[in-house]
Amino acid sequence: MPPNLTGYYRFVSQENMDNYLRALDINVVLRKLVCLLKPDKEIIHTGDHMVIRTITSLRDYVMDFDLGVQFEEDLGPVDGRKCQTTVSWEGDQLVCEQLGEKRNRGWRHWLEGDKLHLRMTAEDEICIQVFQKVK
């Protein structure tokens with residue numbers, strides 16, 4: 001049975017964000033700004049429905065979806081694109097596939113103890129973020 005990811009998580013660290021954003025064709029000014037942000041995550045996980053809020057001092061991004069059901073995701077706040085997104089479980093990892101203009105785009109979340117890990121991919125770039133559960 002997959003873990004329940006419900007909780008509030010504070011940003012701890014990230015690796016390779018600039019190259020990941022470059023792969024998404026984000027301009028240099030916005031890349032530098034995003035690399036300075038320390039986002040928090042709030043996850044509400046109820047059965048096959050999830051809401052994932054990424055919270056920053058500039059703007060929040062909310063994903064509200066049913067597991068295993070493809071939906072159109074508007075990534076306008078991120079990079080101006082739309083994609084067809086499906087989120088499902090692969091073992092203990094929550095995996096998101098985002099089909100659109102960019103090859104190999106998506107992410108996966110998993111828990112190690114009280115730390116939430118996020119691995120984001122676009123093209124050949126990988127960005128890793130780690131968050132500490134606080135409640």
Carboxylate-amine/guanidinium contact Glu90 Arg108, below 4.0 Å: yes
Qualifying residue for side chain to side chain contact (heavy atoms under 4.5 Å, CB included) with Ile52, from Leu5, Asp64, Leu94, Val87: Leu94
For Tyr8, the rest of its hydrophobic cluster, which grows through side-chain links under 4.5 angstrom: Ile55, Val134
Not counting sequence neighbours, which residues clear side-chain contact (heavy atoms from CB on, under 4.5 Å) with Ser13? List them please. Val130
What pairs meet the salt bridge (Lys or Arg N to Asp or Glu O under 4.0 Å) rule with one or both residues in residues 36-52, with sequence neighbours excluded? Arg10-Asp40, Glu42-Arg53
Less than 4.0 Å between a side-chain N and a carboxylate O, is that true for Arg81 and Asp74? no
Results of side-chain contact (heavy atoms from CB on, under 4.5 Å) for Leu33 - residues two or more places apart only: Leu30, Leu58
side-chain hydrogen bond (donor to acceptor under 3.5 Å, both in side chains) against Asp124, all qualifying residues, sequence neighbours excluded: Arg103
Where Val34 and Gln14 come nearest, the two heavy atoms and their spacing: O-NE2, 4.5 Å
Under the side-chain hydrogen bond (donor to acceptor under 3.5 Å, both in side chains) test, residues paired with Asn4 that sit two or more places apart: Thr6
How far apart are the closest heavy atoms of Cys127 and Tyr20, and which atoms are they? CB-CB, 3.7 Å
List in chain and number order the residues that pass side-chain hydrogen bond (donor to acceptor under 3.5 Å, both in side chains) with Lys133, two or more places apart in sequence or in another chain; answer none if no residue qualifies. none
Got a sec, which residues hit salt bridge (Lys or Arg N to Asp or Glu O under 4.0 Å) with Glu112, two or more places apart in sequence or on another chain? none
Residue list, ring pair (Phe, Tyr, Trp, His ring centres under 6.0 Å) with His117, at least two apart or on another chain: Trp110
Going by the rule side-chain hydrogen bond (donor to acceptor under 3.5 Å, both in side chains), which residues pair with Trp107 if we only count those two or more places apart in sequence or in a different chain? none
Measuring only between side-chain heavy atoms, which start at C-beta, is Cys83 closer than 4.5 Å to Leu75? yes
Close side-chain approach of Asn16 to Met120, heavy-atom, < 4.5 Å: no
Using a side-chain heavy atom cutoff under 4.5 Å and only I, L, V, M, F, W and Y, what cluster partners does Val62 have? Ile44, Val51
For the residue pair Leu99 and Gln70, establish whether any side-chain heavy-atom pair is separated by less than 4.5 Å. yes
With Pro2 via side-chain contact (heavy atoms from CB on, under 4.5 Å) - residues at least two apart: Trp89
